[in-house]
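Structure first, then comments.
Letters go in sequence order (proteins before strands), and every chain restarts at 1. Only this structure's heavy atoms are used, side chains among them; waters, hydrogens and symmetry mates stay out.
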Number of protein chains: 2
Amino acid sequence: MRHPHTAGATMSHVEAEKKKRGRPSRIDVDTIVGIARRILQEEGVAALSMRRVAKEVGTTPMALYHHVRDKDELLMLTLSGMAATVPRPELPDDPRERLLTVSVHMHGTLARMPWVVEVLSLGDLTDKGALWMVEEIIASCVACGLTPAQSVAAYRTIWHCVYGDLVFRQAMARRAEEPDRRRHFPDMITEADAEELPHMAALADRWLELTADYDVSTQLGAVIDGLLGQARRP
Amino acid sequence: MRHPHTAGATMSHVEAEKKKRGRPSRIDVDTIVGIARRILQEEGVAALSMRRVAKEVGTTPMALYHHVRDKDELLMLTLSGMAATVPRPELPDDPRERLLTVSVHMHGTLARMPWVVEVLSLGDLTDKGALWMVEEIIASCVACGLTPAQSVAAYRTIWHCVYGDLVFRQAMARRAEEPDRRRHFPDMITEADAEELPHMAALADRWLELTADYDVSTQLGAVIDGLLGQARRP
DNA sequence: ACCTGAACACCGTTCAAGT
DNA sequence: ACCTGAACACCGTTCAAGT
């Protein structure tokens, strides 16, 4: 196994050696990752720096590099085990319902961990504890008659819908916090655009309201219907 | 109009005044934005810094702040007018076909401008020249019997599918470039997981191949079918 | 083996001063 | 009005040295 720390336990190759020989270390990876995780949770990825983590751990920045390869590895390590902190929901037996329930659960879970979404866009999934959701989605697709290839593709598409919603939901929340921040849309549409952009001009006033009304469950339901519809014409 | 530079022409409030009084400026926003755009295109957002732009423009970092409010505004300005650089495609008359064509065009266009995708995730759309695509998508949805509210939601879902694909396609390309880089998935699935994750274990060997086979057009087609299916049960 | 300190090559932005 | 220089408060990481 080339990457032992991708498993549930956060243990680097360096730490694995420490029990055998040499001076015992004052700090360990779990402490570092724990502190990092707290900073991420409270202030987001932008606030996470090696120097900041070092200060809160109580060492010099360079001491961290004995436990993690670089900042990127630290970021990946923060993801391990996050899925296990969320209880696994009861799933309905009907595969179509199951698919929707898992997808919505995935979205709801990540909506409560905004920093995980930010970190995920930098690398790929490193938390084995999250794979049961991928498995359930693929299994349900197969149960609904999709080929394995179609099922994997369907999983990706569902993930894109979940991820996209989270990203722009967060961007909107961030912009709402900044007090005077320039909003671009739909303020940039004026009466003069009514000819070129009739629907948008007509909807401009209701745009914010309609954006707020966007319901992921409804959308995922429709997307799943479309994806499962592929079964009849392979 | 509060934000004149959100229009096609890149002209800031500062520059708008310059023709009237005071010392003529040695540099103008268009030069700054042009240089920024080139750096973004060639090296991505990570390479863009105010200091770097200043050096390439031939001034001090602080001179830039007379033309743009901050780095964020510069980033937003780089988007203006990008849509106009791509020829508008012929669209089929059938609204369902039209919807698919516009969506795929959106994806294809952005696939050729990776940095635009990176910048878009930081703020919202600032290029009025891109709005015709949103208009066409909404118009087609309405033509297929969706309510305006459903059409706006459908647009967002399509955008999430396009955006999500681009983000992870780029992340994959980045990781492929780094030589020895740790890959996490599906290497982390072993024989031992076959019981918990039967489908994934079975597909592990084909995972990369299946990921490469992912076809956005096919997926968008299925998603659109699902979204338009909402028309019959409102 | 583990940690430290100094150093390198960067950041965005403020502020006071120059022309 | 436009630009400069110095300064502030940061970055990630390398490298040589200490215990």
Side-chain angles (χ1 to χ4, degrees), chain A residues 11-33 35-36 39-40 43-78 118-119 122-123 178 180-181, chain B residues 11-33 35-36 39-40 43-78 118-119 122-123 178 180-181:
Chain A
M11 180 181 262
S12 81
H13 51 291
V14 180
E15 206 207 8
E17 304 279 301
K18 111 180 162 193
K19 263 128 202 162
K20 294 175 197 156
R21 50 185 166 281
R23 183 209 271 194
S25 60
R26 297 204 302 102
I27 53 178
D28 64 336
V29 229
D30 291 330
T31 320
I32 296 171
V33 172
I35 300 269
I39 295 171
L40 287 168
E43 301 173 55
V45 266
L48 191 96
S49 71
M50 296 301 273
R51 294 173 120 104
R52 169 82 184 275
V53 173
K55 193 186 288 179
E56 303 218 5
V57 170
T59 31
T60 57
M62 285 319 299
L64 303 179
Y65 287 85
H66 265 268
H67 304 273
V68 296
R69 183 209 286 245
D70 54 18
K71 191 185 175 179
D72 223 69
E73 181 172 276
L74 176 54
L75 242 11
M76 292 301 112
L77 287 173
T78 58
E118 292 183 274
V119 177
L122 304 173
E178 300 174 53
D180 70 305
R181 216 51 177 182
Chain B
M11 181 182 262
S12 83
H13 52 291
V14 180
E15 206 208 7
E17 304 278 302
K18 111 179 161 194
K19 264 129 203 162
K20 295 175 196 154
R21 51 185 167 282
R23 183 211 271 195
S25 59
R26 298 203 304 102
I27 54 178
D28 64 338
V29 230
D30 290 331
T31 320
I32 296 171
V33 172
I35 301 270
I39 295 170
L40 287 168
E43 302 173 53
V45 266
L48 191 98
S49 72
M50 296 301 273
R51 294 172 120 106
R52 169 82 185 275
V53 172
K55 192 186 288 179
E56 303 219 5
V57 170
T59 31
T60 57
M62 285 319 299
L64 304 179
Y65 287 85
H66 265 269
H67 303 273
V68 296
R69 183 208 286 243
D70 54 18
K71 190 185 176 179
D72 223 68
E73 181 173 275
L74 176 54
L75 242 11
M76 292 300 111
L77 288 173
T78 59
E118 293 182 275
V119 177
L122 304 172
E178 299 174 54
D180 69 305
R181 215 51 176 182

Locate the shortest heavy-atom distance separating [X] from [Y]; write the atom from each residue and the value.
X	Y	answer
A:Leu75	A:Val119	O-CG1, 3.6 Å
B:Leu48	B:Lys71	O-NZ, 2.9 Å
B:Val45	B:Glu118	CG2-OE2, 2.7 Å
A:Val29	A:Leu77	CG1-CD1, 4.1 Å

Could you check B:Met50 against B:Leu74 for side-chain contact (heavy atoms from CB on, under 4.5 Å), going step by step and ending with a plain yes or no?
CA-CA 9 Å; B:Met50 296 301 273; B:Leu74 176 54; 4.0 Å; yes

Spell out protein contact along nucleotides 9-15 of chain D as letters: B when the base is contacted, S when just the sugar-phosphate is, - when no protein heavy atom is under 4.0 Å; keep the 5' to 3' order.
--BBBBB

What integer distance in Å separates B:His67:NE2 from D:dT4:C1'?
13 Å

Value in whole Å for how far the C1' atom of C:dC3 lies from CG of A:Asp28
15 Å

To the nearest 0.5 Å, tell me how far B:Leu122 CG sits from B:Asp72 CG.
7.0 Å

Between A:His66 and C:dT4, is there a contact of a side-chain N or O with OP1 or OP2 at under 4.0 Å?
no

Which donor-acceptor pairs under 3.5 Å do side chains of residues 56-64 of chain B form with protein atoms, sequence neighbours excluded?
from	atom 1	to	atom 2	distance (Å)
B:Glu56	OE1	B:Arg38	NH2	2.3
B:Glu56	OE2	B:Arg52	NE	2.8
B:Glu56	OE2	B:Arg52	NH2	3.1

Take N1-N3 plus N6-O4 or O6-N4 for Watson-Crick, N1-O2 plus O6-N3 for G-U, both under 3.5 Å. Which runs of 3 or more such pairs involve DNA chain C?
C:4-8 with D:12-16, C:12-16 with D:4-8

C1' atoms of D:dC10 and C:dA9, separation to the nearest Å:
13 Å

